[in-house]
> 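First, the structure itself, so that you have it in front of you.
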2 protein chains.
Amino acid sequence: METGADKIIHTKETCNTDVTAVRDTLYVLNGKWKLPIMIALTGSPKRFNEIQRALEDITPKILSKELRELELNEFLVRKVSSTVPVSITYELTPYSKSLEKVLEELKNWGIEHRERIIASRRKPAA
Amino acid sequence: METGADKIIHTKETCNTDVTAVRDTLYVLNGKWKLPIMIALTGSPKRFNEIQRALEDITPKILSKELRELELNEFLVRKVSSTVPVSITYELTPYSKSLEKVLEELKNWGIEHRERIIASRRKPAA
DNA sequence: GATACCACTATCCTTTAGGATAGTAGTATA
DNA sequence: TATACTACTATCCTAAAGGATAGTGGTATC
């Protein structure tokens, strides 16, 4: 029965759905260490202390927590090889690749945004 | 001079650049209110109290802070119209549209991730 | 026996995000 | 004069993220 307002694309419900979906994604990517850890593991699996050394200033407590969360989200697997002594490696899953497009867009926008800020510092508000 | 390792796409430097770019983007999108506020403003500009009512449980302190940050990032402008009394409206900028592709990818991935989690609850680990 | 590497865990502390509650200065309305 | 609306600011508080520092139980090496 409502007239006009044809331009409004979203109802309150679809908005909430969209916000929730975006926030789900932001949630799994956020924090200081998730991306660096995943990057550290691209190419080859690594052991706990190897990752710690690659990241330089992460503490074992934080690394342990982040690895657990990444494993829960199925971005990596913890593999125990029964040598003596056991050696434990962390390895990215194929599923972690599903983030590629998202990360690409986030990266591109970040680069453009930074360029824009720098440019607007050079010639401030017209 | 280095042999082999042709598969390694990133040097330590390009990784850091990429991580920084992604984090820049995550930074401007993050927090509880930035997206809801921008969505509230799509379609038409709104006044402070109108936004507050649309978002239902945001406090004026938080809203004020978020609006300032969104303005700094040039996602919106604060317009003062010199009527008596003055009325102040907040309006999305054309630049805010540059986020569209990013938000689309974040949304799609969020939806797929949620579906995957629900599916894996139905038939747990094979 | 001492030291060192591995993969962590435990405890405490600081910083940041976000919220609750109250107040302010101005205008308008009853 | 009292009430209410607009656009905020100020003060205090809580919860979560993240970090510093130390310790644990095992194996291996000197």
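All chains are named by letter (A, B, ...) in the order of the sequence lines, taking the proteins before the strands, and each is independently numbered beginning at 1.
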> Looking at residues at least two apart in the chain, or sitting in another chain, which of them share a ring pair (Phe, Tyr, Trp, His ring centres under 6.0 Å) with Tyr27(A)?
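Once residues adjacent in sequence are excluded, Tyr27(A) has no partner under the ring pair (Phe, Tyr, Trp, His ring centres under 6.0 Å) criterion.
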
> Arg23(A) has an atom CZ; how far is it from atom C1' of dA17(C), in whole Å?
13 Å

> Can you give me the N/O atom pairs linking the protein to nucleotides 17-22 of chain D at distances under 3.5 Å, or say none if there are none?
unit_1  : atom_1 : unit_2   : atom_2 : d
dG18(D) : OP1    : Lys32(A) : N      : 3.0
dG19(D) : OP1    : Lys32(A) : NZ     : 2.4
dG19(D) : OP2    : Trp33(A) : NE1    : 2.8
dG19(D) : O6     : Lys61(A) : NZ     : 2.1

> Only counting residues at least two apart or in another chain, list the ones meeting side-chain hydrogen bond (donor to acceptor under 3.5 Å, both in side chains) with Glu50(B).
none

> Not counting sequence neighbours, list each pair that qualifies as a ring-ring contact (aromatic ring centres under 6.0 Å, His included) and has a residue in residues 82-104 of chain A.
Phe75(A)-Tyr95(A), Tyr95(A)-His113(B)

> Please report the distance, rounded to the nearest Å, between CG in Leu63(B) and P in dA7(D).
11 Å

> Mind calculating the distance between CG (Leu67(B)) and P (dT6(D)) to the nearest angstrom?
16 Å

> Can a donor-acceptor pair be found, under 3.5 Å and without considering hydrogens, that links the side chain of Ser87(A) to the backbone of Ser81(A)?
no

> In whole Å, what is the span from the CZ atom of Phe48(A) to the P atom of dC8(C)?
6 Å

> What is the separation between atom CG on Leu26(B) and atom P on dA17(C), rounded to the nearest whole Å?
14 Å

> Has Arg47(A) got a side-chain N or O lying under 4.0 Å from the OP1 or OP2 atom of dA7(C)?
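So the side-chain polar atoms of Arg47(A) do come within 4.0 Å of the phosphate oxygens OP1 or OP2 of dA7(C), strictly under.
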
> Using a 3.5 Å cut-off and no angle test, enumerate the donor-acceptor pairs between side-chain atoms of residues 59-67 of chain A and protein atoms at least two apart in sequence or in another chain.
unit_1   : atom_1 : unit_2   : atom_2 : d
Ser64(A) : OG     : Arg68(A) : NH2    : 3.0

> Assign Val84(B) to base, sugar-phosphate, or nothing according to its heavy-atom contacts below 4.0 angstrom with the strands shown.
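Val84(B): backbone/sugar contact only, no base atoms under 4.0 Å.
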
> Give a yes or no on whether Arg116(B) atom CZ has more than 12 heavy-atom contacts from other residues, nucleotides or ligands under 6.0 Å away.
yes

> Is it the case that the side chain of Lys79(A) and the backbone of Glu91(A) share a donor-acceptor pair, with hydrogens and angles ignored and the cut-off at 3.5 Å?
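No; zero donor-acceptor contacts below 3.5 Å.
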
> Glu69(A) has an atom CD; how far is it from atom P of dA16(D), in whole Å?
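Rounded to the whole Å, the gap is 13 Å.
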
> Heavy atom of residues 72-83 of chain A under 4.0 Å from DNA chain D: which residues?
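Within this stretch, nothing sits under 4.0 Å of the strand.
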
> Between dG26(C) atom P and Asn49(B) atom CG, what is the distance in whole Å?
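The distance from CG of Asn49(B) to P of dG26(C) comes to 18 Å, rounded to the nearest Å.
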
> Measure the distance from CZ on Arg53(A) to C1' on dA4(C) and round it to the nearest whole Å.
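About 13 Å, once rounded to whole Å.
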
> For the backbone of Lys32(B) and the side chain of Arg23(A), can you confirm whether one donor and one acceptor N or O come within less than 3.5 Å of each other?
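Between the backbone of Lys32(B) and the side chain of Arg23(A) there is a qualifying donor-acceptor contact (under 3.5 Å).
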
> Given dT9(D), dA28(D), dA7(C), identify the nucleotide with an atom nearest to the side chain of Ile88(A).
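So the side chain of Ile88(A) is nearest to dA7(C).
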
> Would you name the heavy atoms of Glu74(A) and Thr93(A) that are closest together and state the gap between them?
O-OG1, 2.6 Å

